[in-house]
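Report on one structure; see the data block that follows.
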Amino acid sequence: MKKYTFILTVVLALTFILSACSGQNNSKPNSENSETTLETTNEAASKDVELVDSGYTISKDGEYVHWGAIIKNPDDKAIYEFTKIIITAYDKEGGVVATEDQVMNVIAPGETQAFGSILGTNGEVPDKVEFSIESGDKITASEEHISSSEFEIIGAKDRKDEYDDTAFTGKVKNNSTKDCSSACVSIILKKENRIVYGTTDYVDDINAGQEKAFDISEYNLPDYDSYEITVIDWT
């Protein structure tokens with residue numbers, strides 16, 4: 001009887017050990033599966049629209065902030081609509097002097113866009129200006145959108161007129177196969193590779209393959225050593 005009890009005890013002990021080992025082997029693949037699922041989910045997630053660069057100059061009278069910004073959609077599939085560029089001016093105590101949202105149109109996968117405008121300061125000279133961005137709405141398709149890379153700037157130049165204003169002139173060519181009812185032309189001024197000013201105007205009805213001229217005049221510009229002219233489909 002004692003011998004039988006001893007053998008039964010040994011058998012039970014071996015069964016427990018084998019079960020424990022079997023449990024350890026099952027847990028590792030489960031852990032690896034969880035990590036794989038997480039990585040797959042992260043790779044599938046869309047990338048938000050990015051604020052690539054921004055800058056500004058406060059007007060001499062302190063009543064306006066002249067700003068420019070460049071944004072990019074780094075995602076290779078997602079299309080965004082109504083992206084917001086948010087400009088906020090602050091006083092020395094951190095209080096808000098003024099703020100404004102610039103709502104953009106459609107931005108296609110991989111597309112880079114620029115915009116320039118002014119922010120009124122409500123009569124108070126700001127101490128600093130900050131920029132932020134909201135990606136907006138993700139949409140499934142935009143067959144009519146013309147990417148900024150399909151527009152071409154021809155013969156761009158800047159010159160002073162008799163009133164010491166600066167005129168930026170040239171032509172926009174629509175190299176796409178789609179008609180554009182309205183194109184947004186933005187001029188970004190830089191000093192030592194830093195954005196110091198931005199302004200925007202519009203050119204209407206540029207059909208596929210067509211060229212149209214633009215003439216954008218500005219005054220009291222800050223010092224700049226380079227400029228960029230970009231075009232966005234604003235249809």
Side-chain angles (χ1 to χ4, degrees), residues 47-74 80 82-105 107 110-136 147-149 151 153 156-160 164-170 172 183-202 214-234:
K47 300 174 183 177
D48 292 339
V49 180
E50 299 174 344
L51 180 64
V52 176
D53 199 4
S54 60
Y56 65 94
T57 293
I58 300 172
S59 63
K60 293 179 180 179
D61 57 14
E63 293 185 0
Y64 296 98
V65 175
H66 298 271
W67 62 269
I70 299 172
I71 63 174
K72 181 178 180 179
N73 178 4
Y80 287 92
F82 305 140
T83 297
K84 288 183 181 179
I85 303 172
I86 305 166
I87 310 95
T88 306
Y90 297 91
D91 60 24
K92 292 181 179 180
E93 287 72 38
V96 174
V97 172
T99 188
E100 184 175 79
D101 298 350
Q102 174 58 54
V103 180
M104 306 296 286
N105 198 6
I107 181 165
E111 185 176 2
T112 298
Q113 298 183 349
F115 202 92
S117 189
I118 59 174
L119 170 69
T121 64
N122 297 313
E124 182 178 356
V125 180
D127 182 64
K128 65 176 181 179
V129 178
E130 292 183 349
F131 295 79
S132 60
I133 190 169
E134 293 179 2
S135 290
S147 175
S148 54
S149 62
F151 290 104
I153 301 295
K157 62 181 180 180
D158 58 334
R159 68 180 190 279
K160 295 281 189 180
D164 206 33
D165 295 345
T166 301
F168 298 87
T169 59
V172 177
C184 168
V185 181
S186 292
I187 299 170
I188 304 295
L189 306 185
K190 292 186 175 183
K191 176 71 173 179
E192 298 177 351
N193 206 34
R194 184 177 65 86
I195 294 176
V196 294
Y197 192 96
T199 188
T200 295
D201 206 346
Y202 299 87
F214 63 87
D215 184 347
I216 303 173
S217 294
E218 298 288 310
Y219 62 96
N220 291 334
L221 293 180
D223 291 336
Y224 66 96
D225 51 29
S226 65
Y227 64 90
E228 299 175 9
I229 301 178
T230 63
V231 185
I232 304 172
D233 181 8
W234 212 254

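In this chain, residues are counted from 1 in sequence order. Computed from a predicted model, the values in this text were never measured in an experiment.
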Do [X] side-chain atoms and [Y] backbone N/O form a donor-acceptor pair below 3.5 Å?
{"X": "Thr169", "Y": "Asp215", "result": "no"}
{"X": "Thr121", "Y": "Val125", "result": "no"}
{"X": "Asp91", "Y": "Val97", "result": "no"}
{"X": "Thr57", "Y": "His66", "result": "no"}
{"X": "Thr83", "Y": "Ser135", "result": "yes"}
{"X": "Asp127", "Y": "Glu93", "result": "no"}
{"X": "Thr199", "Y": "Ser117", "result": "no"}

Determine the minimum heavy-atom distance between [X] and [Y], stating which atoms define it.
{"X": "Glu192", "Y": "Asp225", "result": "N-OD2, 2.9 Å"}
{"X": "Gly62", "Y": "Pro126", "result": "O-CD, 4.4 Å"}
{"X": "Met104", "Y": "Trp234", "result": "CA-CH2, 3.9 Å"}
{"X": "Phe131", "Y": "Gly55", "result": "CZ-O, 3.7 Å"}
{"X": "Trp67", "Y": "Glu100", "result": "NE1-OE1, 4.5 Å"}
{"X": "Thr230", "Y": "Ala114", "result": "OG1-CB, 3.3 Å"}

Legend entry - Asp233/Phe151 under side-chain contact (heavy atoms from CB on, under 4.5 Å): CA gap, chis, key distance, verdict: CA-CA 9 Å; Asp233 181 8; Phe151 290 104; 4.1 Å; yes
Contact between [X] and [Y] at the side-chain level, heavy atoms closer than 4.5 Å - yes or no?
{"X": "Ile70", "Y": "Ile195", "value": "yes"}
{"X": "Tyr56", "Y": "Leu119", "value": "no"}
{"X": "Ile153", "Y": "Val172", "value": "yes"}

Roughly how far, to the nearest 0.5 Å, is [atom2] of [Y] from [atom1] of [X]?
{"X": "Tyr90", "Y": "Glu124", "atom1": "OH", "atom2": "CD", "answer": "13.5 Å"}
{"X": "Ser59", "Y": "Tyr197", "atom1": "OG", "atom2": "OH", "answer": "9.5 Å"}
{"X": "Thr88", "Y": "Asp101", "atom1": "OG1", "atom2": "CG", "answer": "8.0 Å"}
{"X": "Ser54", "Y": "Ile86", "atom1": "OG", "atom2": "CD1", "answer": "12.5 Å"}
{"X": "Ile71", "Y": "Leu51", "atom1": "CD1", "atom2": "CG", "answer": "8.0 Å"}

Legend entry - Phe168 ring center within less than 6.0 Å of Tyr227 ring center: yes
Is it true that atom [atom1] of [X] has more than 12 heavy atoms of other residues, nucleotides or ligands lying nearer than 6.0 Å?
{"X": "Lys191", "atom1": "NZ", "answer": "yes"}
{"X": "Lys160", "atom1": "NZ", "answer": "yes"}
{"X": "Asp61", "atom1": "CG", "answer": "yes"}
{"X": "Lys84", "atom1": "NZ", "answer": "no"}

Inset, instruction - Assess whether side-chain contact (heavy atoms from CB on, under 4.5 Å) is satisfied between Glu218 and Leu189, documenting all intermediate values. - result: CA-CA 12 Å; Glu218 298 288 310; Leu189 306 185; over 6 Å; no
Legend entry - Modelled atom types, side-chain donor and acceptor of Gln113 and Ser148, under 3.5 Å: no
Inset, instruction - May I ask you to check whether Tyr64 and Asn220 show a side-chain donor-acceptor distance below 3.5 Å? - result: no
Inset, instruction - Output, in order, the C-alpha distance, side-chain angles, deciding distance and verdict of side-chain contact (heavy atoms from CB on, under 4.5 Å) for Asp158 and Tyr224. - result: CA-CA 12 Å; Asp158 58 334; Tyr224 66 96; 2.7 Å; yes
